[in-house]
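Within every chain, numbering begins at 1; the chains are lettered A, B, ... in the order of the sequence lines, protein sequences first and strands thereafter.
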2 protein chains.
Amino acid sequence: MNKKEIFSSFLKLRGFRFTPQRERVLEEAFSIHKHFEAEDLLVRIRQNGHRVSKATIYRTLALLIQCGLLREVIFGERHSHYEHTLGPKHHHLICLRCGKIIEFTDETIERVQQRVCEKHRFEPSQRRFEIIGYCENCAKHL
Amino acid sequence: MNKKEIFSSFLKLRGFRFTPQRERVLEEAFSIHKHFEAEDLLVRIRQNGHRVSKATIYRTLALLIQCGLLREVIFGERHSHYEHTLGPKHHHLICLRCGKIIEFTDETIERVQQRVCEKHRFEPSQRRFEIIGYCENCAKHL
DNA sequence: TTTGCAATTGAGTCTAAGTTTCAACTACAA
DNA sequence: TTGTAGTTGAAACTTAGACTCAATTGCAAA
Ligand SMILES: [Mn+2]
Ligand SMILES: [Mn+2]
Ligand SMILES: [Zn+2]
Ligand SMILES: [Zn+2]
């Protein structure tokens, strides 16, 4: 099942529709292979000769998160960033000085999550593990 | 060294001043023993018969985070929450339905952080580990 | 002490991400 | 075909938080 099928069946299941605008946002979101923000989608959709309103972009992003194709990541700015959920789960090192984002994976985190959720009878749907500090280069200039 | 000494020496070190307003914010922030937001401080300071402007509250919160007495926590709302850094480091389970926050501790997380930071030569100053999903009660109603 | 000066404050203004509203439009099923 | 419920975009709205600036304060040198 590809992204398009996942999204359209998610929508159909709840009586929502797979509209051209929603498909446009889906396509554009997955043509970016790094972290992106809502504004990026707006600009790129325009550049590709299409038009989807700001409201619809925000509404569609929320749906893509709900259906699990996207995840919201938080980098300490006052607006959201998004990334694909496909591929191995990873987490972030965030540099306070230059804004650099380093991704890392760690398989023990998954076990920690399972243990904690079991203990508290909590049903997880996503997680955030972010270490904030200074990258190698910026640590020198401190 | 108590909070007041930590804060005032942090300020003095950088040529800043330990003013009555900053002391007021410090006191009020530490009289709350749970997560709080900027607005909470404003209201409580007024209720206690004092007055500190919104601008000064935000400015002081930033200083308290810089000096390590407070930490910003993110609960998926569009404004920040804060908590004390004293006591054992803990993390959060966040319920998407009722907003309940469950705190948990896990000693392996610290080791993961050390390992990752060493590998990437990253100088950590804080971290966030948040599991988002549904609490025991809300999972039923899903 | 006085004086000089940088730090600080608060009132008000501004910003911008994201949300809401609503009238027009669309898909679809009876 | 018609009824109904979902969708859209433009514009107005919301709001946390940042910024501006004139007035005030704290401190340290003279
Ligand atoms: Mn990432
Ligand atoms: Mn907490
Ligand atoms: Zn850096
Ligand atoms: Zn709940």
Point to revise | Any pair counted as side chain to side chain donor-acceptor pair (under 3.5 Å), so long as it reaches residues 4-16 of chain A, sequence neighbours left out | key: A/Lys4-A/Glu23
Nearest whole Å is fine: how far is [N] [atom2] from [X] [atom1]?
| X | N | atom1 | atom2 | value |
| --- | --- | --- | --- | --- |
| B/Lys12 | C/dA7 | NZ | P | 15 Å |
| B/Glu23 | C/dT9 | CD | C1' | 16 Å |
| B/Phe7 | C/dT8 | CZ | C1' | 13 Å |
| A/Leu61 | C/dA17 | CG | C1' | 12 Å |

Check your understanding: What one-letter contact string describes nucleotides 6-16 of chain D from 5' to 3', where B marks a base within less than 4.0 Å of any protein heavy atom, S marks contact via sugar-phosphate atoms alone, and - marks no contact?
Key -> BSBBB-----S
Practice item. Run through B/His79, B/His81, B/His92, B/His84 and flag the one making a ring-ring contact (aromatic ring centres under 6.0 Å, His included) with B/His35. Key: B/His92
Exercise for review: Can you sort out the partners of B/Leu63 under side chain to side chain contact (heavy atoms under 4.5 Å, CB included), two or more places apart, ordered by chain and number?
Suggested key: B/Phe7, B/Phe10, B/Leu11, B/Phe16, B/Arg22, B/Gln66
Check your understanding: Would you call B/Glu107 and B/Arg111 a salt bridge, using N to O less than 4.0 angstrom?
Key -> no
Exercise for review: Run the salt-bridge test on A/Glu27 and A/Arg44 with the 4.0 Å N-O cut-off and return the result as yes or no.
Suggested key: no
Practice item. Show your reasoning for whether salt bridge (Lys or Arg N to Asp or Glu O under 4.0 Å) applies to A/Arg127 and A/Glu110. Key: CA-CA 10 Å; A/Arg127 69 162 175 265; A/Glu110 188 66 35; 3.1 Å; yes
